[in-house]
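Within every chain, numbering begins at 1; the chains are lettered A, B, ... in the order of the sequence lines, protein sequences first and strands thereafter. Values below: every heavy atom of this structure, side chains too, minus hydrogens, waters and symmetry copies. This is a predicted model, so every value here is computed, not measured.
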Amino acid sequence: GAVVSQHPSRVICKSGTSVKIECRSLDFQATTMFWYRQFPKKSLMLMATSNEGSKATYEQGVEKDKFLINHASLTLSTLTVTSAHPEDSSFYICSARRHPEAFFGQGTRLTVV
Amino acid sequence: KQEVTQIPAALSVPEGENLVLNCSFTDSAIYNLQWFRQDPGKGLTSLLLIQSSQREQTSGRLNASLDKSSGRSTLYIAASQPGDSATYLCAVRRNKLIFGTGTLLAVQP
């Protein structure tokens, strides 16, 4: 199956700093990628849709200035959590679709201390 | 607004049992439905995808069915094994992929 690689798998950062998470489609091109957030023992919540070469589309309630998304190429999307707070600590997962199936990265566990 | 619910929320069975996980959705206007497996602290692994025009899909010991008109899907796992222990998520897609609440499965050796 298609492979989506997410890096890093774990990151710990201090409050107020920024963290970048990368999502790559390894064996296919993805014009659209998706970023999800998962709270403990909860399901996945779509944060935003990343579009190659254009601005991301954010879901209601997600702060676009806090969660910066860049989709600079057909195989790479990045999510930057800016000015991180402890409440941003969560599990972040990216996804890319190779029609009709969605494939997911391994996830990134972010801990803000 | 599409809502996806999975029942039961948690399930514990002895090894070897056949089991059924349920997924229901409120809006039947979907393109497809996908079942995933998630191990603790990991990403999602795609198990089966059913297109809206299909009734079921099979892969090994897994069989997923779809009744779009009633807004239901089931995932059947035959001869369960301890390695099947994980959280199982269903998701329906129209413009976006909307996830269910998940079923935490524990298969006891």
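Per-residue counts of heavy-atom pairs under 4.5 Å with chain B were compared for Gly107(A), Gly105(A), Pro100(A); the largest is that of Pro100(A). For the options Ala9(B), Gly102(B), Gly100(B), heavy-atom pairs under 4.5 Å to chain A are most numerous at Gly100(B).
Follow the hydrophobic side-chain contacts under 4.5 Å out from Phe36(B) and you never reach Leu21(B); the two are in separate clusters. When hydrophobic clusters are built by joining Ile, Leu, Val, Met, Phe, Trp and Tyr residues whose side-chain heavy atoms come closer than 4.5 Å, directly or via intermediates, Leu62(B) is grouped together with Leu33(B). Ile50(B) is connected to Val92(B) through a chain of hydrophobic side-chain contacts under 4.5 Å among Ile, Leu, Val, Met, Phe, Trp and Tyr, so both are in one cluster. When hydrophobic clusters are built by joining Ile, Leu, Val, Met, Phe, Trp and Tyr residues whose side-chain heavy atoms come closer than 4.5 Å, directly or via intermediates, Val11(A) is grouped together with Phe67(A). Connection of Val19(A) to Val62(A) is established within a shared hydrophobic cluster, with ILVMFWY side chains joined at heavy-atom distances below 4.5 Å, either directly or through further cluster members.
Proximity to chain A (any heavy atom under 4.5 Å) is restricted, for Leu89(B), to the side chain, taken from C-beta onward. Heavy-atom distances place both the backbone and the side chain of Leu44(A) under 4.5 Å from chain B. In this structure, the portion of Leu49(B) lying under 4.5 Å from any heavy atom of chain A is its side chain and not its backbone.
Aromatic rings from Phe99(B) and Phe34(A) are positioned such that their centres are separated by 6.0 Å or more.
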Suppose we count any N or O donor within 3.5 Å of an acceptor, strictly below that value; which pairs fall between chain A and chain B?
residue: Gln38(A); atom: OE1; partner: Gln38(B); partner atom: NE2; Å: 2.9
residue: Gln38(A); atom: NE2; partner: Gln38(B); partner atom: OE1; Å: 3.0
residue: Ser43(A); atom: OG; partner: Gly100(B); partner atom: O; Å: 2.3
residue: Glu59(A); atom: OE1; partner: Lys96(B); partner atom: NZ; Å: 2.7
residue: Glu59(A); atom: OE2; partner: Lys96(B); partner atom: NZ; Å: 3.3
residue: Pro100(A); atom: O; partner: Asn32(B); partner atom: ND2; Å: 3.4
residue: Glu101(A); atom: OE2; partner: Ser46(B); partner atom: OG; Å: 2.7
residue: Ala102(A); atom: N; partner: Gln34(B); partner atom: OE1; Å: 3.3
residue: Ala102(A); atom: O; partner: Gln34(B); partner atom: NE2; Å: 3.1
residue: Gln106(A); atom: O; partner: Gly43(B); partner atom: N; Å: 3.0

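Considering every non-hydrogen atom in both Leu97(B) and Phe104(A), the closest pair reads CD2-CZ, 3.9 Å.
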Test side chain to side chain contact (heavy atoms under 4.5 Å, CB included) applied to Leu46(A) and Ile98(B), step by step: CA-CA 8 Å; Leu46(A) 179 64; Ile98(B) 305 297; 5.9 Å; no
